[in-house]
> 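This is the structure I want to talk about, given as structure tokens.
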Amino acid sequence: MSEERPKGIWWLASYPKSGNTWTRAFLSNLLSEQDEAVDINALQTGAIASSREWVEDAIGHDISELSHDEVDALRPAAYRWLAANADTDYHKIHDAYSYLPDGQALIPKDATRGAVIIIRNPLDVISSYANHCAIGIEKSLECICSPQHALGRSDRRQSNQLRQRLSTWSDHVESWLDADIPKCVVRYEDLKADPLRRFAEITRFLEIEKSDDEIAAAVERSRFENLRRQEDEGGFVEKTPKVKNFFRRGRVGGWREDLTPEQVARVVQVNHSGMKRLGYPIEECAQKPGSIDSQPVQC
Amino acid sequence: MNYRAYNLTLASDFSLTPLHGARGENGADVSIRRGTVFSGGLPEARVSRAFAQVADNRVWLDVSNIARFLIEDGQRITVEPYPGADEDSIRLYLLGSGLGAILHQRGNLVLHANAVRVGDAAVLFAGTSGAGKSTTAAVFHQKGFPVIADDVVAVNHEGCVIGGFPQIKLWEDALHHLKIDKDGLDLIRHQMKKYSYPIDPHTDDHLPVKAVYFLASRNEHEEHQFEFHPLEGIAQFNHLKRHTYRPNFMEGLGLKPHHLKVAGRMAEDIVSARIVRPSRKFNAEELVDRVLKHLQENGISTEPRP
């Protein structure tokens, strides 16, 4: 049976704090055989693409004493091996869709079945990211507007995550939009507005055969309020210290209260291209806060 | 030149500093030679990864831009360096994956861990890269407890740890945290801000394992939050299995049943716990104090040996 399975990894790609965990919770509930909500601390999707342990096992020799650039050069081969051998099909990724100095893609097309690309208005990402990293709004804004922004980039210590180059929010989302791979683009705002419809689209894209009732049940079990309740009761391993909740507000348009007009203008200036492409009404964002809704992006 | 490590004499074409030299040229247990290593891997491989293949008694590694290695029968390592590869990088892989494979092939239980001498016993700290093993070992060293192996720990069929290399590899952040001056220390390779911190050699030590701690981290934890979860039975065994050094070597070499036996025997006599520490700020001194207390509570003497 495994021989008949099409090869390749399904990627769940997003900038941090854009709805990736929500999507993973939905998929875990959708694929779960149990008759209750899946524990948020035991989500059934696979390792994150930047998991040092996952990538090192695929490479087969130590990588702990290789530089970030040296490890990156090995990652395409690791993902090819994983595409052929990995146990789980769905893997979160925060890296931008980037290319190595030799021209090959970090995430090779031939290791990829497709990518669900989850995108959230950068103005809302800023306060969520600030909360997640326990940094101020201004620092979070700097990250989202920096072409050098990367996670796990320190060369003075080792983390269980590999370096993940993110770049600016706009560069990040456009890198995935332009990737030559099958993709399903979903905006967080559209997921919030009509979760049943959008998650059904994701389910179809991922070639998962489930009934409308099963999809509806998974949507219900992964509703923000339910994820938040689980976190309040039992904590969440992905939460960082000094932060009260991982699942904080899940709101659309919170930026109107969180950001100053100058901050909004700066974000829009740097991320203009991606925001325009994703249908975020940039002029209105900057001048007339209150109108963030636009035409949903189709898969 | 001959060197000593893990109670073995290594005859090597490559400099293996920081290992100490051994007298005489004859009677080496392991020969490390420059030679040709085929590029296509092992046709008979039982376990394959993207850059490693393992068959009965043979491990083949292709480390891009550094070297290809063939490690055979627990006795021979053939190295074909890539053009332009530096000696430090080749040596790191020889002393890491190369000797790790040799130790597997010689029937040891090889763990991704550090070993510290406490009283007349060995206490092990296992964990994935970045878990804090070496930093913890360095704090023990500063408190007067000898460190007998760093990163790769070999446990023989009697359940004893064999002394490894006379160094602890420490990242720049760890040196800063431990207030160790990096001036005068060698970089392990020039591409990395990781240093070789020399320690006294314990290459011929055989110490019974009395405790194994598995280091893990959790994002949620505050700076001083450490959890000790005692491990017994199958849970302890599964942790040992998970922290085997390069499980693909063990599996490909057909050593699973043997390791099962050694790990099972070892598990009968040891104290074991999973320690969950905070991911970010990590107070290694506090962790070591907690471990010493935990050892005492479990009847293990923690008097440092003079």
> Using residues 174-185 of chain B as the side-chain source, report each donor-acceptor pair under 3.5 Å to any protein atom, sequence neighbours left out, with the distance given to one decimal.
{"residue": "B:His177", "atom": "NE2", "partner": "B:Glu285", "partner atom": "OE1", "Å": "3.2"}
{"residue": "B:Asp181", "atom": "OD1", "partner": "B:Asp183", "partner atom": "N", "Å": "3.0"}

> When you measure from the side chain of A:Trp81 to the backbone N and O of B:Ser48, does any donor-acceptor pair fall under 3.5 Å?
yes
> Checking A:Ala58 against chain B: side chain, backbone, both or neither under 4.5 Å from a heavy atom?
backbone
> Mark yes when over 12 heavy atoms from residues, nucleotides or ligands other than B:Glu87 sit less than 6.0 Å from its CD; otherwise mark no.
no
> Determine the minimum heavy-atom distance between A:Asp62 and B:Tyr245, stating which atoms define it.
OD2-OH, 2.6 Å
> If you count heavy-atom pairs under 4.5 Å between each of B:Ser129, B:Ala52, B:Gly100 and chain A, which one has the most?
B:Ser129
> Below 4.5 Å, heavy-atom pairs only: which of A:Asp69, A:Asn160, A:Ile59, A:Ile63 has the largest tally toward chain B?
A:Ile59
> If we only count heavy atoms from C-beta on, is the A:Glu65 to B:Gln191 side-chain gap below 4.5 Å?
no
> Would the distance check show the side chain of B:Asp173 and the main-chain N or O of A:Arg157 forming a donor-acceptor pair, the cut-off being under 3.5 Å?
no
> Examine distances only and state if a side-chain atom of B:Tyr93 and a backbone atom of A:His61 form a donor-acceptor pair shorter than 3.5 Å.
no
> Can you list the steps and then say if B:Arg49 with A:Glu56 is a salt bridge (Lys or Arg N to Asp or Glu O under 4.0 Å)?
CA-CA 10 Å; B:Arg49 294 290 189 269; A:Glu56 186 174 60; over 6 Å; no
> At a heavy-atom separation under 4.5 Å, does A:Asp57 approach chain B through its side chain, its backbone, both, or neither?
both
> For the candidates B:Leu92, B:Leu170, B:Leu61, which exhibits the highest count of non-hydrogen atom pairs separated by less than 4.5 Å from chain A?
B:Leu92
> First locate atom OG of A:Ser154, then atom CD of B:Glu172, and finally report the distance between them rounded to the nearest 0.5 Å.
8.5 Å
> Quick check on B:Thr128 against chain A: is it the side chain, the backbone, both or neither that has a heavy atom closer than 4.5 Å?
side chain
> Under 4.5 Å, heavy atom to heavy atom: which of residues 63-71 of chain B reach chain A? Give them by number, or say none.
B:Val63, B:Ser64, B:Ile66
> Considering only heavy atoms from C-beta outward, does the side chain of B:Met192 approach that of A:Arg156 to under 4.5 Å?
no
> Look up atom OG in A:Ser64 and atom CH2 in B:Trp171, then write down how far apart they are to the nearest 0.5 Å.
7.5 Å
> For A:Arg221, I'd like to know if atom CZ has over 12 heavy atoms of other residues, nucleotides or ligands within 6.0 Å.
yes
> Looking at residues at least two apart in the chain, or sitting in another chain, which of them share a side chain to side chain donor-acceptor pair (under 3.5 Å) with B:Ser89?
B:Asp86, B:Arg189
> Side chain from CB out, backbone as N, CA, C, O: work out which of these in A:Glu70 comes under 4.5 Å of a heavy atom of chain B, or both, or neither.
side chain
> Can you sort out the partners of A:Glu53 under salt bridge (charged side-chain N to carboxylate O under 4.0 Å, His left out), two or more places apart, ordered by chain and number?
B:Arg242
